[in-house]
Amino acid sequence: MKSGLLFRGLYLRFILLFLFNLHFFIFSQLSTVNCQLSIGSVFAQNTLIPSFQRNQNIPVFADNNALSIAWAGGMSGVAFFNIDLDLDGTDDLLAFEKHGNRLLPFLRQGQRWIYAPEYRHCFPELHDWIILKDYDNDGKKDIFTYGLAGIRVFRNSSQEQLSFSLVTDQLSSFYYTDYSNIYASPDDNLVVADVDHDGDMDILNFWVLGKYVHFQRNYAIENNLANGWLDFRLEDECWGKFSEGADNNEITLLSYCQSKNEEPTRHVGSTMTLTDFNHDGLEDLILGDIDYAQVVLLTNGGTLSEALMVAQTTAVPNAVNPISMYSMPLVSSLDLNNDGLNELLVSPADPSLTKSQNINSVWLYEYDSLLQSYSLITQNYLQDEMVNLGSGCYPVLYDWNGDGLLDLFAGNYGYYDSSSYNNGFLNSYYSAAIAYFENIGTASEPAFRLINSDFDNLRQLNKQALYPTFGDLDGDGQTEMICGCSDGSLIRIKNGQITENFLNIEVGYFATPQLFDLDRDGKLDLLIGNRRGQIAYYRNTSTNGNLSFQLESSTLGDVDVRDYTLSYFGFATPCFFRQNDETLLICGNEQGKLFFYNNIDNNLSGSFSLQTTWLPEQIGTRHLPIQEGIRVGVALGELNNDNYPELIIGNYAGGFAYFEGRPGIPVSIREAETTRVNCYPNPATDLIHIETSSDDITQVQIFDLTGRKILETKFVDQFYQLNISSLSPSIYILKLINDGKESYHKVVKR
């Protein structure tokens, strides 16, 4: 295991340095393909697009218990924070789901939490990790979050409602002789806290090559600066005098960083939580590490001015029920019940989508002041009050029991089963299943009850990404289920009989089928999305009960839900439906967008018309984009008898959101107006030529892979030469600025 981890550490370090910037690209709407810059323009559309309004009051029962926050969308790996969302003077709760960068706001109501997703729209765009701390001592929590290989800061500028304003894109510190950005990676969870107890917020971050923790001391108080000033100096480059293992999660105490210049380049990802665990007035440190299930508690035996870690243990917070959770557990310390004592919430922070536990993955420990110890209260805090189906949630509406009411089914990527190490690499295993929720309500008031979390016992197949659809294919009056799988094949289930590799149909990885009579000939056709982001159309050509499907198109309607600036994949999840006898399509994608198409009828061999990539939800008088996480799946159906179809959205965190249909709205839709930006040659030796079809780009900056800005100049016309002869051979990030909008491009200096 150690040799494998060392190899991976050396290899991944280079990859991570490169991908740090890719992370920033993804969430800043950047372009990495052919130096193409997307600049938004707004223009009017006359087409009505569907509109929806969230409804959290539809009852859902599991084990005869009503789920209080059933439609919160699930959670798997989350960090928790106290923050006053409604500005009533009492702290509420915010959970941040790393996968999909989902914010889950909860309002405090006595001892209960009320899910309040409308507060999501009060926050800026955040990604990878967040930390909420009141750095300006105004009683309101501010935001520290990942930026470009560094830390972005937003000040809580709330007055009558929650709001934030950007303070800096790159928080800097004085290193040795000059100021430079404080290094951070997207996969570390660093510390923002008053480390030295002097009244202002300091930072603990890992050295760029890992192993050692840097103490960035805030000198705002010492320099008599006003509240809100952030004046950091690198105070200690070996805080606590310990080091992290180069090829494992072992900790060496009293290391003093003697061999810092000789250490290998290894740092994959760690979590840090600062807390006075033993209540002796000194801050101890809890460390989690990628690919490991345990955390390490380092006991501080130094002083307020100089930390010294003198003991370590993995029996955290106790030896009876220690933390053990794959992978990279993150400990959140916060007061949940307003008793003045912090509880511990633990959840995985592994950046991989296929490494972590995804059920029973939010552990709550409460502190008993009399016993002076923590007790494990539950392993599924909040998860047990919502629909939580592991990783992935792909909803389908179908009247299974023939009572005239649409029932709810959901496939998933899989439930976590186990983990093991192979040649030093962590492998985690998942098995997919179908959940069946019976509609026990009425035609106008739906209600759902979980009947079976493993419908037709499909979990035994050890498949991943089961995506169901239902219908009578051969006309014998019996419903059958077709499931897509991660390997691209289909499974047919009829009368308990399972047929794998159904008709040898294969459309590429992550098949997402829908049975729908697309050509209106009375027979159900197969429309199948795939990882490429496209849809295959298999027309039903069956006769006399003999099943037959003919491939008509592997790129139906020229639908392609990939965002080429972010990913090579699209993970298309199509949902065709009819409203007022018009065929329409809503298709989910990898980034969680909902693509809406029309112009489908009588145009099956042409291109469908994309009307929007962001379906709106109505919040008060506003219409805002629906955002429910990544790899979303959608289902539409008439559930309340109002002639507007309801929308149910599943996401990769394993849960649903429910939206009632509303009248369509004509809106101005933000679409992408493509402005070509050519950067050549790339790689370059001395000069980079930058050409653009627009004269809107006004400024150019170059950053190295640590996020340090090393060059800045003005863009004076549509053709510009950038002299990079003074730069060392490496990979750099070119930043183009256009009226406050930013675009980033990779450039290579030979």
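Residue numbers count from 1 along this sequence.
With rounding to the nearest 0.5 Å, the separation of CG in N249 from OG in S270 is 9.0 Å. One finds the CG atom of L103 at 6.5 Å from the CZ atom of F96 (value rounded to the nearest 0.5 Å). Considering CD of E118 and CG of L162, their distance stands at 11.5 Å, rounded to 0.5 Å. With rounding to the nearest 0.5 Å, the separation of CZ in F154 from CD1 in I143 is 6.5 Å. F206 CZ to Y183 OH: the interatomic distance, rounded to the nearest 0.5 Å, is 10.5 Å. Taken to the nearest 0.5 Å, the CG atom of D236 stands 8.0 Å off from the CZ atom of F215.
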Pair V559, Y597 - check side-chain contact (heavy atoms from CB on, under 4.5 Å), show working. CA-CA 9 Å; V559 170; Y597 295 86; 3.6 Å; yes
Would L615 and I586 count as a side-chain contact (heavy atoms from CB on, under 4.5 Å) here? Give the steps. CA-CA 9 Å; L615 283 183; I586 293 177; 3.4 Å; yes
Test side-chain contact (heavy atoms from CB on, under 4.5 Å) applied to L274 and L204, step by step: CA-CA 9 Å; L274 198 68; L204 298 178; 4.1 Å; yes
Between W239 and V195, does the side-chain contact (heavy atoms from CB on, under 4.5 Å) criterion hold? Intermediate values first, please. CA-CA 11 Å; W239 184 84; V195 176; 3.8 Å; yes
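Using modelled atom types, no side-chain atom of D289 and backbone atom of Y292 make a donor-acceptor pair closer than 3.5 Å. Judged by distance alone, the side chain of T145 and the main-chain N or O of W129 form a donor-acceptor pair under 3.5 Å. Looking at Q170, its side chain never comes within 3.5 Å of a backbone N or O of I151 through a donor-acceptor pair. A distance-only check finds no donor-acceptor pair linking the side chain of K749 to the backbone of Y732 [under 3.5 Å]. Looking only at distances, a side-chain donor or acceptor of T273 sits under 3.5 Å from a matching main-chain atom of V331. Judged purely by atom type and a 3.5 angstrom limit, T271 has no side-chain atom pairing as donor or acceptor with the backbone of N189. Formation of a donor-acceptor pair under 3.5 Å by the S332 side chain with backbone atoms of A79 is not found in this model. Looking at N218, its side chain does come within 3.5 Å of a backbone N or O of D231 through a donor-acceptor pair. Within the 3.5 Å criterion, the main-chain N or O of N82 finds a donor-acceptor partner in the side chain of K141. Side chain of R102 to main chain of N651: no donor-acceptor pair is present (N/O by atom type, distance under 3.5 Å, no hydrogens or angles).
Between N156 and S163, the shortest heavy-atom distance links the atoms OD1-O, 3.4 Å. Looking at every heavy atom in both residues, G73 comes nearest to A653 through O-CB, 3.8 Å. For the residue pair A572 and C587, the shortest heavy atom distance occurs at CB-SG, 3.8 Å. Across all non-hydrogen atoms, the minimal contact from P351 to I290 is CD-CD1, 3.6 Å. M75 and A95 get closest at one heavy-atom pair: CE-CB, 4.4 Å. Contact between E244 and K211 at its shortest, heavy atoms only, is O-NZ, 2.6 Å.
Listed by chain and number, the residues in a side-chain contact (heavy atoms from CB on, under 4.5 Å) with R531 are Y509, F510, F569, F571 (sequence neighbours excluded). Partners of D84 under the side-chain hydrogen bond (donor to acceptor under 3.5 Å, both in side chains) rule, at least two apart in sequence or in another chain, do not exist in this structure. In this structure, the side-chain contact (heavy atoms from CB on, under 4.5 Å) partners of V167, at least two apart in sequence or on a different chain, are Y135, V153, R155. N205 is linked by a side-chain hydrogen bond (donor to acceptor under 3.5 Å, both in side chains) to Q216, counting only residues two or more places apart in sequence or in another chain. Partners of L353 by side-chain contact (heavy atoms from CB on, under 4.5 Å), not counting sequence neighbours, listed by chain and number: H99, I630, R631, Y652.
A 4.5 Å side-chain heavy-atom check between K735 and I702 finds every atom pair outside the cut-off. Within the 4.5 Å cutoff, the side chain of C257 has no heavy atoms near those of the E237 side chain. Side chains of E712 and V700 form no contact here, defined as non-hydrogen atoms less than 4.5 Å apart. Between F703 and I710 there is no side-chain heavy-atom pair separated by less than 4.5 Å. Using a 4.5 Å cut-off on side-chain heavy atoms (C-beta onward), P105 and L93 make no contact. In this structure the side chain of P616 reaches within 4.5 angstrom of the side chain of I49, judged on heavy atoms. For the pair V747/I688, a side-chain contact is recorded, criterion being any heavy-atom separation below 4.5 Å from C-beta on. L594 places none of its side-chain heavy atoms less than 4.5 Å from the side chain of T613.
A salt bridge does not link K140 with D142: none of the charged nitrogens is closer than 4.0 Å to a carboxylate oxygen. Between K593 and E628 there is no salt bridge, since none of the side-chain N atoms of the basic residue sits less than 4.0 Å from a carboxylate O of the acidic one. Salt-bridge annotation for R217 and E222: present, with a side-chain N of the basic residue lying under 4.0 Å from a carboxylate O of the acidic one. Look at R532 and D560 and you find no salt bridge, because none of the NZ, NE, NH1 or NH2 atoms lies under 4.0 Å from a carboxylate O.
Between Y119 and Q161, the side chains place no donor N or O within less than 3.5 Å of an acceptor N or O (distance only, hydrogens not considered). For the 3.5 Å distance criterion, the side chains of S185 and D187 fail to qualify, holding no donor opposite an acceptor. With 3.5 Å as the limit, one finds no donor-acceptor pair spanning the side chains of N589 and D563. Residues Q591 and S567 bring no donor and acceptor atom of their side chains to less than 3.5 Å of each other. With hydrogens and angles left out, the side-chain atoms of E235 and Y219 include a donor and acceptor closer than 3.5 Å.
Classification of the F174-Y179 ring pair by plane angle, with boundaries at 30° and 60°, yields perpendicular.
Here salt bridge (charged side-chain N to carboxylate O under 4.0 Å, His left out) pairs that include residues 198-207, with residues two or more places apart or in two chains, number zero.
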